[in-house]
Amino acid sequence: MRIKTNIYILIAIFFISCSVSNDEVNDVSPDGKLFIIGGGHRSEALMDRLAKEAGVYEGGNIVILPMSSSVPDSAIIWSGESFLELGIEPERIKGYNFQLGEEPKKEWLESLREAKLIYISGGDQNRFMDVVEDSPIKDAIIEAYNKGAMVAGTSAGAAVMSEKMIAGDELRYEEYHPTFRTIETENIELKPGLGLITTAIIDQHFVWRSRYNRILTAILEHPELLGIGIDESTALLVEGDTAEVVGVSQVLVFRNPERSSIVHNNIYGARNLVLDIYLPGDKFSIR
């Protein structure tokens with residue numbers, strides 16, 4: 001145990017030393033994959049599937065992006081440990097804590113473009129997008145994805161995957177409530193995400209936190225999009241237009257095929273909405 005602990009400490013020092021330094025998106029069909037984790041416990045089996053799908057057992061680097069987290073250096077360490085436990089060599093695990101308002105380091109951007117797996121930690125999706133939106137960092141992530149990299153994320157790292165991102169707050173109410181207490185107009189706050197998925201809005205911790213009202217509000221305001229809710233300890237593996245459920249729980253997909261939206265005194269009504277509940281191993285189209 002002492003040897004293992006010492007190894008983790010050495011890795012932690014390396015990661016932190018990297019992260020605290022101050023120093024055109026291609027319009028093509030992506031060759032990469034997405035691994036979108038709904039938060040919660042990430043089992044070894046879940047992370048093993050991620051590593052296999054990304055091909056990192058055969059080689060290539062993993063880049064951890066911790067900017068969602070309020071403790072980014074710790075987020076790098078905790079995320080890195082999941083890959084170390086799979087037997088990934090420490091020197092192939094990189095952690096880059098890009099800073100808001102700072103010019104991104106060229107060598108970090110190059111490493112990001114060439115990464116085989118990009119992993120986005122949990123935390124606050126707004127904090128992450130504040131750093132990467134309209135920046136070379138976002139361009140580098142998309143370039144890597146277009147060239148064949150796996151882009152993965154958990155919790156907040158899942159929310160940022162979609163083009164329209166759930167920011168989390170209710171616009172009508174000052175007090176934060178993670179499940180939304182109502183289904184009403186002009187209440188959900190959406191901001192730009194990474195845009196790796198353009199056909200759906202992603203929500204996370206879904207069944208565990210009963211976030212149905214939030215995703216229903218989203219598809220009533222944006223009926224052209226799917227509403228995808230991923231539960232904890234569960235991931236959605238996306239390749240092309242096909243998504244597969246991985247893990248132990250469910251993925252719920254809400255559709256509004258008739259573009260239905262009825263408003264009465266600021267509350268929503270709708271007709272003929274469609275809900276599918278997918279189990280581990282199930283596949284479905286995200287179109």
Would you give me the side-chain donor-acceptor pairs under 3.5 Å for residues 54-66, sequence neighbours excluded?
from	atom 1	to	atom 2	distance (Å)
Tyr57	OH	Asp48	OD1	2.6

How long is the span from the OG atom in Ser135 to the CD1 atom in Ile141, to the nearest 0.5 Å?
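Ser135 atom OG to Ile141 atom CD1 measures 7.5 Å (nearest 0.5 Å).
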Say you draw a straight line from OG of Ser261 to CD1 of Ile219; how long is it, rounded to the nearest 0.5 Å?
10.0 Å
Measure the acute angle between the ring planes of Tyr212 and Phe206, then classify it against the limits of 30° and 60° as parallel, tilted or perpendicular.
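Rings of Tyr212 and Phe206: perpendicular, over 60°.
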Check salt bridge (charged side-chain N to carboxylate O under 4.0 Å, His left out) between Asp241 and all other residues, then give those that pass, not counting sequence neighbours.
Arg287
Just jot down the side-chain hydrogen bond (donor to acceptor under 3.5 Å, both in side chains) partners of [X], sequence neighbours excluded, or say none.
X      : result
Arg255 : Asp276
Glu189 : none
Lys33  : Glu53
Thr198 : none

So, using side chain to side chain contact (heavy atoms under 4.5 Å, CB included) as the criterion, who are the partners of [X] when residues are at least two apart?
X      : result
Thr217 : Phe180, Ile183, Ile188, Glu221, Tyr268
His264 : none
Glu114 : Glu110, Lys147
Arg127 : Ser70, Asp124

Ile202 with Ile166, same ILVMFWY side-chain cluster at under 4.5 Å:
no
Check ring-ring contact (aromatic ring centres under 6.0 Å, His included) between Tyr119 and all other residues, then give those that pass, not counting sequence neighbours.
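Partners of Tyr119 under the ring-ring contact (aromatic ring centres under 6.0 Å, His included) test: Phe83.
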Who passes ring-ring contact (aromatic ring centres under 6.0 Å, His included) against Tyr145, sequence neighbours left out?
none
Run the salt-bridge test on Glu107 and Lys105 with the 4.0 Å N-O cut-off and return the result as yes or no.
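Counted as a salt bridge, because a side-chain N and a carboxylate O are separated by less than 4.0 Å.
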